[in-house]
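Scroll down for the structure; my scribbles are underneath it.
Since the model is a prediction, treat every value here as computed from it, not as a measurement.
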There are 2 protein chains.
Amino acid sequence: MNDTHSCIIRHFNHYANLAEDDKQLLCDLERSPVDTRAGQLLWQESEPAEEFCTLRSGWAFSFRHLEDGSRQILELYLPGDIIGLREFAFSQRLAGVMMIDDGVICRFPHQHLLDLFQRSATLTTILFAVSSCHQALLTERLVNLARRSAFQKICHLLFETYTRLERTGEGGDGRFRLPLSQEQLADALGLSAVHVSRTFTLLNERGLVFRNRHWVEIPDLQALSEACDFNGCYLNDNLRKLGAASLAKIPAPSSSAG
Amino acid sequence: MNDTHSCIIRHFNHYANLAEDDKQLLCDLERSPVDTRAGQLLWQESEPAEEFCTLRSGWAFSFRHLEDGSRQILELYLPGDIIGLREFAFSQRLAGVMMIDDGVICRFPHQHLLDLFQRSATLTTILFAVSSCHQALLTERLVNLARRSAFQKICHLLFETYTRLERTGEGGDGRFRLPLSQEQLADALGLSAVHVSRTFTLLNERGLVFRNRHWVEIPDLQALSEACDFNGCYLNDNLRKLGAASLAKIPAPSSSAG
DNA sequence: CGCGACTTTGAGGCGGGTCAACTTCAGTGG
DNA sequence: CCACTGAAGTTGACCCGCCTCAAAGTCGCG
């Protein structure tokens, strides 16, 4: 199959080696790619939730509007991510999702996941792992929002995003494209856009981060990670090890293999 | 089977009707109950993560220590919850877990979950739903921490907790036991204990909430929910509907090859 | 060239933090 | 029955990080 074309396969393969039929099952999730533009809404809060989607290219974020008119960005989605898993148990969307970039998404119905649970314990396990990693990310964001200063918040978000990109091969040598505006960063970090600007100025003065338009340069990764008490454990998923040990028992559910 | 004894069965049954053998599988998770005391650590950050556990009675919370010595409480666990799912993909604990109350927990190894994925697509689905609801809770906490005032934060936490308790049958007529100290509340909400105290005074003066020791009284639930822009969607899991429709297809594994 | 989106900078205000002292209360022992 | 203790909660004084409002500057693009 076209492993290299599919971000999801690459993403899942990262957790454990996939058999050919598992790859096929995954491909089924990406049958209907659709081009989307920056700023486009994939869906809005409280719409009926009937499908998930995979992000093949481009960035997206989920968000909630508050009564006072402000907006909170909940999570950033990068290529290879599955969007909407959080709503698995719900019939309504709990948050809107908007594209940051132009990109390509593939919608697939709820039922596909249920089928997948039946057909492949390996993929089920990986999916659970993906969801668990996602939760770890949320948790870390929670700490970030609750306890850190604006300065640390920004350092942390930048470092985290850089690390995530590096894993998907888009990062490298301390430079990356960050398509978020300062206002969007503010909405993600629970700050005001004005203060984000001031803080970038400060980061610049201290030589920790140089931001220009949508490009960010981090001359000293070590220094940045220390500035925000960054602990990368939550990004280093170790399921691969588990893949070798315990998953091996799993992939023989049906008798049909031979 | 002893449905009534097992919080988990009650919890899971809430999502879809369980078959007898599914109940049995769940019971296997609760084979080894252990008494624990208030303040006891179930595990600590960065210890090896080899098992999950179910909370049969008592409350618990997960937390992280930050470099500056402060502590962030991440989530509250109530009876019937599974603790540690977030670490499914990790070999280390990402957060510590501490008992708030005396209670009973049941530890079970990682592998049990993998077995469960193989044996029951229904339980797998429910587990996924549970995890998804848990994520919805985290997300709402994130909004709470990022965007709301101290006043609203406390209202929200109280209302959410009351609602969760009501569902498990422990709430009722606007009164409930909240075993958290003000310092623990502060750690959960990203506030200082001093300010939590002030805010309770304010809530008292306004007649919204009366707190005495570990008891909380909410004379007007409606008023409280309005005070914090509470939207309970994320607590009303609607999988039951899905249970009727799509889950029905699942329990018959390999017969239809399309 | 000029518009609109984004960013920067300044002035002033407030919510919540910190420190420290005091009060309340449950539990213990005399 | 009261005195003592330690944990939990309350209160006051002061401070600072971040917010808000407002205005000016920058840049890409039709």
Side-chain angles (χ1 to χ4, degrees), chain A residues 37-39 66 68-73 98-102 144-158 177-206 209-216 227-228, chain B residues 37-39 66 68-73 98 100-102 144-158 177-206 209-217 227-228:
Chain A
R37 312 304 306 269
L66 300 211
D68 66 1
S70 67
R71 177 176 72 169
Q72 178 59 41
I73 291 183
M98 183 183 275
M99 295 298 293
I100 299 173
D101 258 337
D102 294 352
N144 205 26
L145 287 165
R147 287 289 175 195
R148 292 199 249 256
S149 68
F151 190 85
Q152 293 175 305
K153 281 180 184 181
I154 294 189
C155 291
H156 194 275
L157 180 71
L158 293 177
R177 201 177 68 90
L178 181 74
L180 294 160
S181 70
Q182 292 193 357
E183 190 179 351
Q184 289 169 330
L185 288 168
D187 286 345
L189 294 170
L191 298 169
S192 68
V194 170
H195 201 66
V196 168
S197 170
R198 284 189 227 277
T199 307
F200 268 115
T201 308
L202 196 60
L203 281 162
N204 196 334
E205 281 166 16
R206 300 215 185 152
V209 173
F210 302 103
R211 182 188 128 110
N212 196 314
R213 295 254 117 207
H214 287 164
W215 283 91
V216 171
C228 58
Chain B
R37 312 304 306 269
L66 300 211
D68 65 3
S70 66
R71 176 177 73 167
Q72 178 61 39
I73 291 184
M98 183 183 275
I100 298 174
D101 259 336
D102 293 354
N144 206 26
L145 288 165
R147 287 289 175 194
R148 292 200 250 256
S149 68
F151 190 85
Q152 293 176 305
K153 282 181 185 181
I154 294 192
C155 292
H156 194 276
L157 181 71
L158 293 177
R177 202 177 68 89
L178 181 75
L180 295 159
S181 69
Q182 291 193 355
E183 190 179 351
Q184 288 168 330
L185 288 168
D187 286 345
L189 295 170
L191 298 169
S192 68
V194 171
H195 202 66
V196 168
S197 171
R198 284 190 228 277
T199 307
F200 267 116
T201 308
L202 197 58
L203 282 162
N204 197 333
E205 282 167 13
R206 301 213 184 156
V209 173
F210 302 104
R211 184 188 125 108
N212 196 315
R213 296 256 121 207
H214 286 165
W215 283 91
V216 172
E217 190 182 337
C228 58

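- Comparing the local axis fitted to the first five base pairs of the helix from C/dC1-D/dG30 to C/dG30-D/dC1 with the one fitted to its last five gives a bend of 30°, rounded to 10°.
- Atom CG in A/Asp187 sits about 12 Å away from atom P in C/dC6, given to the nearest Å.
- When heavy atoms are screened at a 4.0 angstrom cut-off, A/Gly190 is found touching the sugar-phosphate backbone but no base atom.
- At C/dA5, none of the side-chain N or O atoms of A/Ser181 fall inside 4.0 Å of OP1 or OP2 (strictly under the cut-off).
- The stretch residues 146-158 of chain A does not touch DNA chain C, since none of its heavy atoms comes less than 4.0 Å from the strand.
- Nearest-nucleotide assignment on DNA chain C puts the 5′-proximal partner with A/Arg213, out of A/Arg198 and A/Arg213.
- Residues A/Thr199 and A/Phe151 share a closest heavy-atom pair of CG2-CA, 3.7 Å.
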Under the criterion side chain to side chain contact (heavy atoms under 4.5 Å, CB included), I'd like the reasoning laid out for B/Asp101 against B/His214: C-alpha separation, chi angles, the key distance, then a yes or no. CA-CA 11 Å; B/Asp101 259 336; B/His214 286 165; over 6 Å; no

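- A/Arg147 and B/Asp187 are joined by a salt bridge, as a carboxylate oxygen and a charged side-chain nitrogen come within less than 4.0 angstrom of each other.
- As a whole-Å value, the separation of B/Leu191 CG from C/dT18 C1' is 14 Å.
- Of all heavy-atom pairs spanning B/Ser192 and B/Ala186, the tightest one is C-CB, 3.6 Å.
- Between the side chain of B/Thr201 and the main chain of B/Ser197, a donor-acceptor pair closer than 3.5 Å is present.
- Using a 4.5 Å cut-off on side-chain heavy atoms (C-beta onward), A/Ile154 and A/Leu185 make no contact.
- Between the CZ atom of A/Arg148 and the CG atom of B/Leu66 there is a distance of 6.0 Å, given to the nearest 0.5 Å.
- Residues A/Lys153 and A/His156 form no side-chain contact, since every pair of their non-hydrogen atoms from C-beta on lies 4.5 Å or further apart.
- No contact: A/Val196 has no heavy atom under 4.0 Å from any strand.
- Counting only distance, with no hydrogens or angles, the side chain of B/Asn204 and the backbone of B/Phe210 share no donor-acceptor pair below 3.5 Å.
- If you take CG of A/Asn212 and C1' of C/dT8, they are 14 Å apart, rounded to a whole angstrom.
- B/Phe200 has its CZ atom 16 Å from the C1' atom of C/dG16, to the nearest Å.
- When side chains are defined from C-beta on, A/Arg37 counts as touching A/Asp102, because their heavy atoms get closer than 4.5 Å.
- Using a 4.5 Å heavy-atom threshold, the side chains of A/Leu145 and A/Gln72 count as touching.
- The span of DNA chain D lying next to chain B, judged by atoms under 4.0 Å from heavy atoms, is bounded 5' to 3' by D/dG9 to D/dA13.
- Spacing between atom NE2 of A/His195 and atom P of C/dG15 amounts to 17 Å, rounded to whole angstrom units.
- Put simply, A/Gln184 has no side-chain N or O that comes within less than 4.0 Å of OP1 or OP2 on C/dC6.
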